[in-house]
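Scroll down for the structure; my scribbles are underneath it.
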There are 2 protein chains.
Amino acid sequence: MARTQGSRAEITGPLIRTHALQLFARQGYAAVSMRQIAAAVGVQAGALYSYIPDKQALLADLLESHMQDLLDAWRDDPALPALRRLEGFVRFHIDFSLDHSDAVFLSYMELRNLTPDNHHRIVALRERYETALEVILRDGVTSGTMRLDDPRLTTMALIAMLTGVTNWYREGGRLDRQRIGDIYWGLVRGAVGAD
Amino acid sequence: MARTQGSRAEITGPLIRTHALQLFARQGYAAVSMRQIAAAVGVQAGALYSYIPDKQALLADLLESHMQDLLDAWRDDPALPALRRLEGFVRFHIDFSLDHSDAVFLSYMELRNLTPDNHHRIVALRERYETALEVILRDGVTSGTMRLDDPRLTTMALIAMLTGVTNWYREGGRLDRQRIGDIYWGLVRGAVGAD
DNA sequence: GTCTATATTAGGATAGAC
DNA sequence: GTCTATCCTAATATAGAC
């Protein structure tokens, strides 16, 4: 990792974020030192502070960017039937979660290590995403294609179920992504009484 | 918290475990210092080492005890119909998770901070519990009362969904436990095609 | 923009008195 | 069994040279 002195501003910033995300997710925010991040990037610890004010701001920035990416990536079409939109959500959420499993795990786990201000801002973004699913479920109930008792609780239950795929999925494992999406969609369809 | 010198062996040991569990769950293993735990218990940091060899052993002990408690508490009756046993599992898992939410969260999150030996032992216990559900699902499929594509994936999906209740449940909130159990059981029954 | 060096604080763990 | 005191290590963050 040792590297001769030199300037590489164009890539160091993103590298810090990439490596910090991976290290935080795998060891936990508090367990990772700035020296570790610097070593992964290939700079000395002091150099990090040209890019970030402190460790807390780095964490908050990673989590907020992730939630923003998630919201930006999700595309809904309210003109479609609710059941079709629900299927879209299921497949999107699984794919996005697997593509960003480090950030997903970090978001779940390190919210408590944020200052109250940062915490509030990021939880608000998460709630916008949850509400997107809740709206679909309510539409499904209203239009009679779904049958369920409590849209809000069902929202939380479904998101937990889908996100859980990151706990056991391994690239090249027994099931490929398409198949996983199919199976989860079958579970969800049944859960919302749409069979 | 400051306390006069004295001997209270009969309670200090359990107190260390209780407070460590709570602190680890709320701040993360790495973020909690031995001094913090000692302060919560009401002793000096050095006194902890009369009860535990080191911080790592304390974590491993908390996680292993939790998994053992879970396995001990779960009672299945293979003579009952699979659907009835599944309902029992759903209600048991929700109740147990809410009664031990700190330990549940810790188990999910801090496995990676265990040494390989400790990690292996505790994951093996967790797998025994997961298999208990998987067996019920397989029986349900065999007997024709359930319809699902992949018992192993469905096991992981259902456990993630049920455990997720710890993320949002608050004592005295909109829904009481009985009602939550009813709603989740409705979701699960639909997911396994038992309507 | 990155380096080396360091100020400052705090961590886990141990020794020996009471 | 617990206390006080301390060893040793490592942490975040900053200062100033290159």
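The model shown is predicted, which means the values in this text are computed figures rather than measured ones. Below, chains carry the letters A, B, ... as their sequence lines are ordered, and counting in each starts from 1.
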task: Taking only the side-chain nitrogens and oxygens of A:Q44, find out if one of them lies under 4.0 Å from OP1 or OP2 of C:dT2.
output: no

Basic-acidic side-chain contact under 4.0 Å: B:R91, B:D182
yes

Between CD of B:Q56 and P of C:dG12 the distance, given in whole Å, is 13 Å

Atom CD1 of B:I52 and atom P of C:dT14 are separated, to the nearest Å, by 11 Å

Side-chain contact check for A:Y51: nearest option of C:dG1, D:dC3, C:dG12 is C:dG1

### Side-chain N,O (B:T12) to OP1/OP2 (D:dG1) below 4.0 Å
no

Atom CE of B:M34 and atom P of D:dC8 are separated, to the nearest Å, by 20 Å

With the side chain defined as heavy atoms from C-beta on, B:V43 is closest, among C:dC3, D:dC3, C:dA13, to D:dC3

At under 4.0 Å, does any side-chain N or O of B:Y49 touch on OP1 or OP2 of C:dT14?
no

(message) Taking B:M146 as the starting point, is it possible to reach B:V135 by hopping between hydrophobic residues whose side chains are less than 4.5 Å apart?
(response) no

So the salt bridge (charged side-chain N to carboxylate O under 4.0 Å, His left out) pairs with at least one residue in residues 35-48 of chain B (sequence neighbours excluded) are none

Whole-Å distance, B:I16 CD1 to C:dA13 P, equals 13 Å

Checklist line | Residue pair A:H66 / A:L106, side-chain heavy-atom distance below 4.5 Å | finding: no

Taken in chain and number order and not counting sequence neighbours, the residues that satisfy side chain to side chain contact (heavy atoms under 4.5 Å, CB included) with A:A132 are A:W74

Please classify the nucleic acid contact of A:S33 as base, sugar-phosphate, or nothing, using heavy-atom distances under 4.0 Å. sugar-phosphate

Side-chain contact check for B:K55: nearest option of C:dA13, D:dC3, D:dA13 is C:dA13

B:I11 atom CD1 is separated from D:dG1 atom P, nearest whole Å, by 13 Å

B:D54 atom CG is separated from C:dG11 atom P, nearest whole Å, by 17 Å

note: A:L15, atom CG; C:dG1, atom P; distance rounded to Å ~ 14 Å

By nearest-nucleotide position on DNA chain D, the 5'-leaning member of A:P53 and A:Q36 is A:Q36

B:R35 CZ to D:dA5 P, in whole Å, measures 13 Å

